[in-house]
Every structure is written in structure tokens, then in C-alpha cells.
Amino acid sequence: RRGPKVDFSTASTPYDFSTAGQRNFGSATLTAGAVTVANTMINATDRIKLTKRTVGGTEGFPRISALTAATSFVITSSSGTDTSTFEWEF
């Protein structure tokens, strides 16, 4: 069942999905099998969903290897030569 339609184009103030220019979604590309994603909106208990967008280098198995609340999280591959790009959201 669908909910009611919401038209943001007629709002007096445009809806903003970001906080101080940050969002709870984005993309990141691994370099040598890892990438640090800076984001001050991340909480220690957040769950992060990864979706592979493009395969690069030797594909491995991605995981979140570190998370620092209000600072960043790290996406790491099981392959040190993985240069894939991921979409992420929390």
C-alpha cells in the first residue's frame, strides 16, 4: 500500500536531506582495498548498507572494519588490490 504523495516543489522551504553539507548516503571508491568515509552524522550503533556499483581491481569481500561515532567509518575489502566503488547508506 502506498502512502500519500508529497510534493516538495511547492514547499516554502526546500526539503534538505543533509546536515551541514553531510548526508547519510553516498559513494566511495576503494584504494588498495580500503577507504575512509568522513561523516559527522554517523552514530556508533548505525548499520551501514553497502552496494557495489562498479568492480575494480581484484574483487574481494567488503566489510565495515571501523566506525568512529560522529567522525567516519572504514570500508575494507578482503583483497588488498580491490578498487571497486560502493554506494553506502546508514
Side-chain angles (χ1 to χ4, degrees):
R1 180 178 145 138
R2 293 185 179 175
K5 289 184 178 181
V6 178
D7 184 2
F8 291 109
S9 67
T10 59
S12 59
T13 304
Y15 190 78
D16 187 3
F17 289 96
S18 64
T19 299
Q22 301 237 350
R23 298 184 182 119
N24 65 342
F25 59 92
S27 65
T29 301
L30 303 179
T31 301
V35 63
T36 299
V37 178
N39 194 302
T40 58
M41 293 178 59
I42 191 81
N43 294 311
T45 57
D46 283 340
R47 293 181 182 186
I48 302 168
K49 177 183 174 183
L50 297 176
T51 304
K52 189 169 290 183
R53 183 174 180 91
T54 58
V55 175
T58 303
E59 187 177 11
F61 299 99
R63 72 184 201 285
I64 303 301
S65 59
L67 189 156
T68 304
T71 304
S72 64
F73 61 92
V74 179
I75 305 169
T76 303
S77 172
S78 60
S79 169
T81 58
D82 195 340
T83 57
S84 299
T85 299
F86 291 88
E87 300 291 330
W88 56 265
E89 67 179 294
F90 60 86

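Values below: every heavy atom of this structure, side chains too, minus hydrogens, waters and symmetry copies. No experiment lies behind these values; they were computed from the predicted model shown.
Nearest heavy atom pair, residue Gly56 against residue Ser84, reads N-OG, 3.1 Å. When all heavy atoms of Thr83 and Thr29 are compared, the closest pair comes out as O-CG2, 3.6 Å. Considering all non-hydrogen atoms of both residues, Ser72 and Ala38 come closest at CB-CA, 3.8 Å.
When the side chains of ILVMFWY residues are joined at heavy-atom separations under 4.5 Å, either directly or via intervening members, Trp88 and Val74 end up in two distinct hydrophobic clusters. Leu30 and Ile64 fall within the same hydrophobic cluster, where Ile, Leu, Val, Met, Phe, Trp and Tyr residues are linked whenever their side-chain heavy atoms come under 4.5 Å apart, directly or through other members.
Contact annotation: the side chain of Thr58 never approaches that of Asp82 to less than 4.5 Å [non-hydrogen atoms, C-beta and beyond]. Looking at Met41 and Phe90, their side chains come closer than 4.5 Å, going by heavy atoms from C-beta outward. At least one side-chain heavy atom of Phe73 sits less than 4.5 Å from a side-chain heavy atom of Ile48. For the pair Ile75 and Leu50, the minimum side-chain heavy-atom distance is below 4.5 Å. In this structure the side chain of Leu67 reaches within 4.5 angstrom of the side chain of Ile42, judged on heavy atoms.
In terms of modelled atom types and a separation under 3.5 Å, the side chain of Ser77 and the main chain of Gly33 share no donor-acceptor contact.
Atom CD in Glu89 sits 5.0 Å away from atom NZ in Lys49 (nearest 0.5 Å). With rounding to the nearest 0.5 Å, the separation of CZ in Arg53 from OG1 in Thr85 is 8.5 Å.
Under a 4.0 Å N-O distance rule, the pair Glu59/Lys52 qualifies as a salt bridge.
No side-chain N or O of Thr45 forms a donor-acceptor pair with one of Asn43 less than 3.5 Å apart.
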